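Everything below concerns the one structure shown next.
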Amino acid sequence: MKKIYVQIIFLLILFTSTFFILSSRWSEQVDYRSIAHIFSLITFERWDNEGAQHFYYAPVVNYNNPIDMFVDIYPRVFDNKGNNYYLSHPPGSFLLSYSIIKSFHLPIDQVSLQKILFIYFVFSIIGMAILLNILFSKKIIPILVGIFVYTFHPLILYSFTFYHFAETIGLVFFIWILVFHLLVRKNPNNKLYVFLHNIFLFIFLLIDWVAFIYAIFYIIYSFKKKNRKDALLIIILTIIAYAIIFIQYSSIDGVQPFMHHIWLRYIDRIGIFSSIFKNNGFGVLLSEILRLIFNCIHNLLKGTGILLFLVIIPMIKDKSIFKENHNLNFIFYWVFVPIFLFSILVFSVALTHYIYTAKFVLFICLIIAYVFDKYFINIEQKWFQASVLLIFIITITWSLNIYNQFYEYDPVQLKLDNEAKIFSQKANQSDRCIYILGKNQNPHELVYITYKAKRNLMLFYNFDDFNNWYLNNLNIDCYYIISNN
């Protein structure tokens with residue numbers, strides 16, 4: 001009982017400290033690089049102004065000025081009114097957060113998103129604490145180690161401050177599903193645990209595609225355990241969840257455009273490297289892939305993630321702790337393998353998007369906690385304990401230093417703000433807003449201009465392309481900006 005009180009006090013202190021750390025980065029000003037927040041805010045603004053039901057409860061990422069319809073920097077799937085929809089993820093994360101905004105009468109701005117992310121963060125830490133308690137039989141040292149590694153990893157701090165999207169919210173549900181999974185294993189006749197596991201899985205399926213991998217694993221596991229009833233139930237829940245998404249998204253512009261879009265997005269996510277191979281050959285392609293893999297590993301091993309190297313010590317001293325056992329099997333087969341398989345299925349996006357490595361932090365913190373439970377907990381020398389404490393202080397300080405460098409002020413922000421102001425104040429409502437990209441300029445920047453100006457932009461990569469288009473569309477009034485970037 002004393003251990004539980006210690007953990008509760010520890011968690012209260014942790015929540016208080018993380019609140020001050022994360023809230024120090026809360027800002028109404030959206031950073032131009034924060035595409036996830038911009039898409040979320042555009043969607044919530046349109047849902048709030050016109051009703052989510054008018055958009056099929058799906059994320060919509062352009063504005064509704066009549067001349068702007070059927071126009072977007074990244075055309076995806078348009079409905080018959082010219083609204084552009086973002087369908088790369090299930091809609092659950094948008095619906096859940098929008099429900100929170102409406103329930104608590106929050107304004108639709110970035111601070112509200114960040115407050116909601118902090119709520120998710122707290123729930124994820126509580127879930128991690130319960131998961132660690134179940135795995136390590138309430139042993140205080142591995143539990144505290146696991147919580148520290150997870151909470152202060154730079155990827156986790158970034159996710160719950162600057163990335164309101166399916167990947168972050170999906171991580172929270174993944175943690176809680178693992179909790180209920182273990183509780184069901186230990187208490188197979190407890191109907192409440194079974195119900196909560198299945199409900200959380202159903203919601204997870206509506207939020208993050210990773211849930212599909214977990215569902216497949218659980219179905220196979222249930223059949224192997226000759227628990228046909230559970231397997232069939234998960235199959236039914238999975239079919240219902242994806243039927244809802246299919247009906248919802250195909251209602252926008254029909255089945256064929258939706259399937260075509262999903263296929264193109266998937267092809268994009270598994271293989272952006274084809275152009276490198278075509279233009280530069282296999283050697284350059286392999287070099288680029290290895291560079292990106294190294295970069296992902298490097299991101300994981302920053303801050304508290306560097307403690308993964310502690311695993312090397314027992315590998316040298318006592319390999320017996322890595323012999324097959326229940327905890328190690330669970331960490332490997334239910335945490336690492338599903339995340340790894342999903343990363344393979346979306347290979348290129350997993351290598352090129354910082355956020356996609358965040359779920360691997362879950363594996364890192366569990367394996368570090370496991371090593372402390374099996375090996376380091378038995379070392380009682382004072383010098384060792386003091387060294388470990390010092391290492392934790394250094395790695396947490398390192399993590400916070402990295403966190404404070406995310407989205408540091410960039411002069412590009414002021415330039416884009418000025419350009420957005422020009423569009424919003426000088427372009428007439430009947431003008432088509434044109435943006436001619438500067439040399440080496442990232443098109444992502446125009447998503448921010450769209451959000452600030454509340455106007456959809458037509459993008460051209462050079463003036464000649466714009467001129468050719470304009471000669472064929474002389475009936476359209478235009479207001480254009482040529483970037484001097």
Side-chain angles (χ1 to χ4, degrees), residues 30 34-99 101-102 108 113 163-170 203 205-212 241-269 346 349 353 355 432-433 435 443-444 446-459:
V30 182
S34 186
I35 305 298
H37 282 194
I38 294 171
F39 278 173
S40 297
L41 291 170
I42 293 174
T43 295
F44 295 160
E45 284 178 4
R46 301 237 21 217
W47 283 3
D48 204 51
N49 292 333
E50 300 164 62
Q53 69 276 11
H54 291 121
F55 302 104
Y56 312 93
Y57 298 96
V60 56
V61 291
N62 67 348
Y63 287 99
N64 64 345
N65 188 52
I67 193 67
D68 294 344
M69 305 315 288
F70 294 100
V71 173
D72 206 316
I73 305 152
Y74 298 117
R76 297 174 186 272
V77 173
F78 289 101
D79 64 15
N80 58 9
K81 297 177 183 176
N83 297 301
N84 189 29
Y85 293 85
Y86 182 85
L87 308 182
S88 296
H89 294 287
S93 59
F94 288 87
L95 290 165
L96 183 59
S97 293
Y98 184 67
S99 299
I101 285 174
K102 297 304 290 182
I108 297 174
L113 293 185
Y163 206 85
H164 177 274
F165 231 49
E167 293 87 353
T168 302
I169 301 167
I203 298 171
L205 287 163
L206 295 171
I207 288 176
D208 193 343
W209 300 122
V210 178
F212 180 71
Y242 288 131
I244 290 170
I245 296 170
F246 179 80
I247 293 169
Q248 178 186 8
Y249 281 178
S250 61
S251 297
I252 293 169
D253 193 37
V255 173
Q256 195 277 332
F258 167 59
M259 296 301 293
H260 180 69
H261 169 76
I262 288 294
W263 175 247
L264 289 179
R265 291 296 291 164
Y266 179 67
I267 292 298
D268 176 58
R269 285 171 181 263
V346 291
V349 74
H353 287 60
I355 192 66
R432 176 70 55 82
C433 292
Y435 195 99
H444 283 1
L446 275 61
V447 177
Y448 176 76
I449 297 176
T450 293
Y451 168 68
K452 293 294 287 187
K454 312 302 180 192
R455 297 294 301 269
N456 306 332
L457 306 182
M458 180 173 280
L459 165 65

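Note that this is a predicted model, so its numbers are computed, not measured.
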Quiz item: Can you tell me if Asn62 uses its side chain to pair, donor with acceptor, with the backbone of Asn84 under 3.5 Å?
Solution: yes
Practice problem: Give a yes or no on whether the ring-centroid distance for Phe39 and His164 is below 6.0 angstrom. | Solution: no
Exercise. Compute the centroid of each ring, for Trp209 and then for Tyr242, and state whether the two points are separated by less than 6.0 Å.
Key: yes
Exercise. Would you check, one step at a time, whether the test side chain to side chain contact (heavy atoms under 4.5 Å, CB included) holds for Phe165 with Ile35?
Key: CA-CA 10 Å; Phe165 231 49; Ile35 305 298; over 6 Å; no
Self-check item: Asp253 (side chain) donor-acceptor with Asp79 (main chain) under 3.5 angstrom
Solution: no
Quiz item: Does Gln248 reach the main-chain N or O of Tyr57 with its side chain, forming a donor-acceptor pair under 3.5 Å?
Solution: yes
Quiz item: How are the rings of Phe94 and Phe44 set to each other: parallel, tilted or perpendicular (split at 30° and 60°)?
Solution: perpendicular
Quiz item: Out of curiosity, Leu95 CG to Thr43 OG1, how far, rounded to the nearest 0.5 Å?
Solution: 10.0 Å
Quiz item: How far apart are the closest heavy atoms of Leu205 and Ile245, and which atoms are they?
Solution: O-CD1, 3.9 Å
Quiz prompt | Spatial distance of atom NE2 (His54) from atom CZ (Arg46) [nearest 0.5 Å] | solution = 11.5 Å
Quiz item: For Tyr56, does the OH atom sit with more than 12 other heavy atoms under 6.0 Å from it, leaving out its own atoms?
Solution: yes
Quiz item: Rounded to the nearest 0.5 Å, what separation is found between the CD1 atom of Ile449 and the OH atom of Tyr435?
Solution: 4.5 Å
Practice problem: Search all heavy atoms of Arg455 against all heavy atoms of Asp68 and return the closest pair with its distance. | Solution: NE-OD2, 2.7 Å
Quiz item: Taking all non-hydrogen atoms of both residues, which atom of Tyr448 and which atom of Ile38 are closest, and how far apart?
Solution: CA-CD1, 3.7 Å
Self-check item: Candidate pair Arg76 and Leu87, rule side chain to side chain contact (heavy atoms under 4.5 Å, CB included), full reasoning
Solution: CA-CA 8 Å; Arg76 297 174 186 272; Leu87 308 182; over 6 Å; no
Quiz item: In terms of side-chain geometry, is the basic nitrogen of Asp48 or Lys102 positioned less than 4.0 Å from the acidic oxygen of its partner?
Solution: yes
Quiz item: So, for Glu167 and Asp208, which heavy atoms are closest and what is the spacing to 0.1 Å?
Solution: CA-OD2, 4.0 Å
Quiz item: Could you give the distance from CG (Asn456) to CG (Leu446), rounded to the nearest 0.5 Å?
Solution: 11.5 Å
Exercise. Please report the C-alpha distance between Leu457 and Leu459 in whole Å, then the side-chain angles of each, then the deciding distance to 0.1 Å, and finally whether the side chain to side chain contact (heavy atoms under 4.5 Å, CB included) criterion is met.
Key: CA-CA 6 Å; Leu457 306 182; Leu459 165 65; over 6 Å; no
Practice problem: Could you point out which residue of Ser40, Pro59, Pro91 forms a side chain to side chain contact (heavy atoms under 4.5 Å, CB included) with Tyr86? | Solution: Pro59
Practice problem: Kindly indicate, with the supporting measurements, whether the criterion side chain to side chain contact (heavy atoms under 4.5 Å, CB included) is fulfilled by Phe246 and Val255. | Solution: CA-CA 8 Å; Phe246 179 80; Val255 173; 3.7 Å; yes
Quiz item: Of Phe55, Phe258, Tyr85, which is the lone residue that meets ring-ring contact (aromatic ring centres under 6.0 Å, His included) with Tyr249?
Solution: Phe258
Quiz item: How long is the span from the CE atom in Met69 to the OH atom in Tyr63, to the nearest 0.5 Å?
Solution: 12.5 Å
Quiz item: Which pair of non-hydrogen atoms, one from Ala58 and one from Ile252, has the smallest distance, and what is that distance?
Solution: CB-CD1, 4.0 Å
Quiz item: Rounded to the nearest 0.5 Å, how far apart are OH of Tyr98 and OG of Ser93?
Solution: 15.0 Å
